[in-house]
Asks: 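Got a structure for you, written out below as structure tokens; questions coming shortly.
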Amino acid sequence: MKRLILAIGCILLAGPALAQSIGEKTGINSALGVAPTTADFVKEVAISDMFELESNRLAQQKGNAQEKSFAQQMVTDHTKTSSELKDMVKSGKVKAELPTALDSSHQSKLDKLKDQSAADFSSNFDSYQVSAHKDAVSLFERYASGGDNSELKDWAGKTLPALKHHLEMAQELGKAPSVGQSSGKQ
């Protein structure tokens, strides 16, 4: 019995240390509240921004009025964060590689959105935006509180309120009636 308790204790204590080496994509860091490494943070933010820009450009074409308005704000804001991140990496203040393409998970979501009619687009777009912004808020919160690069950590903290606002906006998508939809009143 003592061995079992000791083994469980060792696993619990080693969990956060092991999670850092596993990386962000497994979701373990998020579940444990462990800050991502600088390299993982930069990679995830860059991919997130690329997905936001591409998916919201599609929403500007295919989305309803509410989605088009949301998309305009997202393109503006994510262009800004993408540029700021690139500047920190290029200046040498942040030592990390910037990805040049989406990962397979984000690319498959984008491909799905591209192939959908306007009617089917909204349901998936709205869901993807909520999910993406929940992930981003978690990522930025964890890095802002425990990241290892002070400049990037400060930037994450300063960017976090805008991301939380984006999440609130995304959660409102689809709640307003679309133009031409019956309100049930006669």
Asks: What's the spacing between K164 NZ and F140 CZ if we round to 0.5 Å?
Replies: 12.5 Å
Asks: Sub-3.5 Å donor-acceptor pair from the side chain of S55 to the main-chain atoms of F51, do we have one?
Replies: yes
Asks: Could you walk me through whether Y143 and W155 pass the ring-ring contact (aromatic ring centres under 6.0 Å, His included) check?
Replies: CA-CA 10 Å; Y143 198 86; W155 178 75; 9.2 Å; no
Asks: Report the distance from atom CG of N64 to atom CG of L173, rounding to the nearest 0.5 Å.
Replies: 8.0 Å
Asks: What do you reckon, is NZ of K93 surrounded by more than 12 foreign heavy atoms closer than 6.0 Å?
Replies: no
Asks: Nearest 0.5 Å please: distance from the CD atom of Q61 over to the CG atom of L113.
Replies: 11.5 Å
Asks: Can you tell if the side chain of H106 reaches within under 4.5 Å of the side chain of L110, non-hydrogen atoms only?
Replies: no
Asks: I'd like to know if the side chain of S123 reaches the main chain of D120, judged simply by a donor and an acceptor atom lying under 3.5 Å from each other, with no hydrogens or angles considered.
Replies: no
Asks: Decide yes or no for L98 and K43: does some side-chain heavy atom of the first lie under 4.5 Å from some side-chain heavy atom of the second?
Replies: no
Asks: Look only at the side chain of S83 and the backbone of T79, and say whether a donor-acceptor pair between them is shorter than 3.5 Å.
Replies: no
Asks: Suppose we screen for side-chain contact (heavy atoms from CB on, under 4.5 Å). Which residues come up paired with K134, at least two apart in sequence or across chains?
Replies: V130, L167, Q171
Asks: For the pair F70 and F125, name the ring-plane relationship: parallel under 30°, tilted 30 to 60°, perpendicular over 60°.
Replies: perpendicular
Asks: Taking the side chain as C-beta and beyond, is there a heavy-atom pair between E67 and S122 under 4.5 Å?
Replies: yes
Asks: Should Y128 and V75 be regarded as members of a common hydrophobic cluster, given that ILVMFWY residues are connected when their side-chain heavy atoms come within less than 4.5 Å of each other, either directly or indirectly?
Replies: no
Asks: Quick check: closest heavy atoms across A71 and A59, and the distance to 0.1 Å?
Replies: CB-CB, 3.8 Å
Asks: Transitively linked via ILVMFWY side-chain contacts under 4.5 Å: L53 with I47?
Replies: no
Asks: Any chance you could measure H78, atom NE2, to Q73, atom CD, to the nearest 0.5 Å?
Replies: 9.5 Å
Asks: If you define the side chain from C-beta out and look only at heavy atoms, does anything of R142 sit under 4.5 Å from P36?
Replies: yes
Asks: Taking the side chain as everything from C-beta on, heavy atoms only, tell me whether E52 gets closer than 4.5 Å to H166.
Replies: no
Asks: Rounded at 0.5 Å granularity, tell me how far CG in L85 sits from OG in S48.
Replies: 10.5 Å
Asks: Let me confirm one number: the CG-CG distance from N124 to L58, rounded to the nearest 0.5 Å.
Replies: 12.0 Å
Asks: Does a side-chain heavy-atom distance below 4.5 Å link S131 with D135?
Replies: yes
Asks: So do the side chains of M88 and L152 get within less than 4.5 Å of each other, counting heavy atoms only?
Replies: yes
Asks: Looking at every non-hydrogen atom in both residues, tell me the closest pair between A96 and V89 and how far apart they are.
Replies: O-CG1, 3.3 Å
Asks: Take D103 and Q107 through the side-chain hydrogen bond (donor to acceptor under 3.5 Å, both in side chains) test and state the conclusion after the steps.
Replies: CA-CA 6 Å; D103 60 13; Q107 187 62 55; over 6 Å; no
Asks: So which atom in G157 and which in P161 form the shortest heavy-atom distance, rounded to 0.1 Å?
Replies: O-CD, 3.4 Å
Asks: Are side-chain heavy atoms of K109 and K112 found at a separation under 4.5 Å?
Replies: no
Asks: Does S69 reach the main-chain N or O of Q66 with its side chain, forming a donor-acceptor pair under 3.5 Å?
Replies: no
Asks: How would you list all residue pairs meeting salt bridge (charged side-chain N to carboxylate O under 4.0 Å, His left out) that involve residues 73-86, not counting sequence neighbours?
Replies: K80-E84
Asks: Test of understanding: with salt bridge (Lys or Arg N to Asp or Glu O under 4.0 Å), list the residues that count as partners of K95, not counting sequence neighbours.
Replies: none
Asks: Quick check against the 3.5 Å criterion: does H133 have a side-chain atom that pairs as donor or acceptor with the backbone of Q129?
Replies: yes
Asks: Just do the side-chain hydrogen bond (donor to acceptor under 3.5 Å, both in side chains) check on T38 and D148 with the steps written out, would you?
Replies: CA-CA 7 Å; T38 295; D148 57 5; 2.2 Å; yes
